[in-house]
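The chains referred to below are lettered A, B, ... by the order of the sequence lines, with proteins before strands, and numbering in each begins at 1. No experiment lies behind these values; they were computed from the predicted model shown.
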Amino acid sequence: MTDTTTLRDRIGALVAGATRAAINAGTLPDVALPDELVERPRDAGHGDYASSLPLRLARSAMMPPLAIAEAIAEHLPSDDVIDAPQIAPPGFINLSLAEHFVQGEIDRIIEQGAAFADSTLGEGKRVQLEFVSANPTGPLHVGNGRGAAIGDTLASALAAAGYQVEREYYVNDAGTQTDVFAETLYARYQQQHGRDVPLPEGGYPGEYMVDLAIEMREREGDRFLAAPGEPPPAGVREMGIELIVEQIRDTLGTFGTTYDRWFSERSLYEATADGEPSAYDAALAILRENGHLAEREGALWLTSSNLGEDKDNVVVRSDGRPTYFASDIAYHYDKFLTRGFDQVINVWGADHHGHVSRLEVGTEAVTGKGDALHLLLYQLVTLKRGSETVRLSKRGGEIITLDELIEEVGPDAARFFFLLRAPSSQMDFDLDLAVKQSNENPVFYIQYAHARLASILDRAAGEGHTPDGGDVALLTAPHELALVREMLRLSEVIELVATTYEPQHLAHYGMELATSFHAFNDAFRQQGDPNLKVITDDAALTAARLRLVQAAKIALGRVLDLMGMTAPERM
RNA sequence: GCGCCAGUAGCUCAGUGGAUAGAGCGCUACCCUGCGGAGGUAGAGGUCAGAGGUUCGAAUCCUCUCUGGCGUACCA
């Protein structure tokens with residue numbers, strides 16, 4: 001039987017119950033309780049959980065906080081989970097987990113394995129996460145890595161929190177950018193066949209376009225060559241996009257990110273196989289029916305100023321081509337009405353934020369599901385070399401690719417670097433420092449802890465020891481119990497990430513869990529007592545400690561896995 | 001101009017209503033010489049951009065000011 005609530009919820013329920021008991025007993029007036037009843041105190045000396053409820057109730061109850069604390073504590077007897085409460089001025093109730101409860105959790109972690117901290121918070125709701133979705137006109141750059149790390153980890157955390165998650169990459173294969181891209185590619189392709197043609201105005205000058213043209217020539221020969229002076233023949237654009245998307249997929253694969261679906265923007269304009277209208281036609285029909293469209297200056301506008309926006313937005317240009325905004329409305333029609341997701345999260349770079357409110361309004365107008373759409377913006381990465389800012393632009397030519405970053409520091413360090421920071425935080429990424437400090441990246445501190453745990457289990461097995469049957473009641477030392485307590489926080493961290501969409505909490509937790517292990521592992525050295533080692537002459541104690549080590553390895557491995565990083569057995 | 005996101009230790013950043021504001025890196029001292037030293041403990045280092053307000057309590061919420069990034073297209 002899996003516990004579906006976090007420890008924090010259970011303790012909170014105890015406090016709520018005690019408060020109601022006090023009210024029933026007449027020692028407290030009848031007052032309303034807030035949602036959050038307990039928190040994790042910063043100072044370990046204040047217990048595992050603490051409630052400031054007495055302070056918050058003081059006014060409405062018209063009683064001194066300490067008297068309220070007494071009244072609640074009276075109905076909070078020590079039980080299987082917690083010891084007797086401690087009251088601390090000016091009005092806190094401090095609660096500590098009972099020793100035998102903490103010990104027992106080791107057995108539970110081993111029994112449940114990697115899923116030990118999962119929850120049912122999401123109730124199986126279907127969530128779709130769309131992230132990266134960079135234009136298929138060039139390789140991914142370093143900044144795209146941030147979106148990949150955030151989106152992918154968020155998806156994992158949501159899955160752990162009981163949501164049914166789908167990861168998706170939206171391929172913008174329909175817009176004007178792809179026309180320019182095709183023209184540039186075709187120019188490079190002609191150059192590969194010895195023609196002296198210039199790059200188009202506003203084209204993509206990057207060297208990768210030459211590589212792409214070479215690839216195309218090698219695969220297809222001169223099949224795409226039209227008469228000189230003619231525009232790119234049919235298929236050039238599709239071929240180029242296919243090649244680029246292949247590259248992007250490879251890069252993200254190396255980065256540890258895979259998708260359930262690569263969604264083509266063009267497909268939004270195609271009728272379905274069984275004759276249903278395209279998503280684009282269907283979405284526009286709804287808007288028209290509800291009077292949200294108006295023709296003006298030869299273009300078709302969404303009259304979003306009637307829906308709370310500060311201006312209207314063009315849906316179909318005066319030349320008849322739909323805008324990117326139209327595609328996005330159709331895309332969200334597809335997400336909500338065709339595929340029926342309960343919740344949709346788009347992870348976007350902050351340079352898209354001008355697009356946020358109009359998409360929310362447009363989505364609401366078409367699907368009525370505006371509330372289920374969450375647009376998560378991450379601030380752009382400022383690249384630096386030393387103190388100098390590096391300007392990135394596919395069209396300007398200079399790109400620091402995600403591939404190059406991965407090559408320099410490895411996928412794990414790159415991911416962790418991005419995950420440590422809140423999405424809303426602007427990041428300076430010093431390329432020189434990133435390479436120089438890759439060996440000091442905290443990710444190795446976490447992975448090293450995992451490798452040491454694996455090593456202890458290996459060595460013990462070699463000496464004929466096994467965790468099986470170990471009695472966890474033998475584990476009473478503070479550094480042993482502290483390690484278990486730290487593991488028990490994981491379920492709360494997962495729910496925190498899943499509800500706030502802030503993956504950095506997981507990264508910081510990983511460091512803290514690793515610290516607890518390193519401190520545990522060092523304890524016997526500092527005290528110079530070989531009996532404090534995991535593997536000792538005492539067979540029963542050894543087995544018990546091996547259970548702790550096994551559980552810690554499960555917990556740490558799970559954290560690394562959620563962040564999309566490897567959990568090495570040795571380094 | 002208007003809008004969005006930020007400003008916390010030397011550097012890069014956590015902390016979004018609770019108790020003495022933290023981590024990594026860098027710096028100093030010490031421990032341990034290992035079941036893996038990519039380790040442990042401690043210390044120095046802070047006007048939480050500034051001012052006012054709300055609250056029993058504010059880095060956290062509100063207002064204003066300053067600074068930085070981004071947006072404000074019939075580009076995506």
Salt bridge (charged side-chain N to carboxylate O under 4.0 Å, His left out) between Lys335(A) and Glu130(A), intermediate numbers included: CA-CA 11 Å; Lys335(A) 289 183 185 189; Glu130(A) 181 226 314; 3.2 Å; yes
Could you check whether the side chain of [X] and the base of [N] have a donor-acceptor pair of N or O atoms closer than 3.5 Å, going by distance alone?
X	N	value
His508(A)	G15(B)	no
Asp522(A)	G39(B)	yes
Arg421(A)	U12(B)	yes
Gln426(A)	G68(B)	yes
Asp310(A)	C2(B)	no
Asp173(A)	A76(B)	no

What's Ser455(A) touching, base or sugar-phosphate or nothing? Going by heavy atoms closer than 4.0 Å.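 Base contact.
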Counting any heavy atom closer than 4.0 Å, what does Arg358(A) reach on the DNA or RNA strands: base, sugar-phosphate only, or nothing? base
Say you pick atom P in G57(B) and the same atom in G18(B); how far apart are they, in whole Å?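 To the nearest whole Å, 14 Å.
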For atom C1', what is the distance between C13(B) and U54(B), given to the nearest Å?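 After rounding to an integer number of Å, I get 30 Å for this pair.
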Are Glu36(A) and Arg8(A) within salt-bridge range, i.e. N to O under 4.0 Å? yes
Taking 5.5 Å and 30° as the limits, would you call Tyr445(A) and the base of A38(B) a stacked pair? no
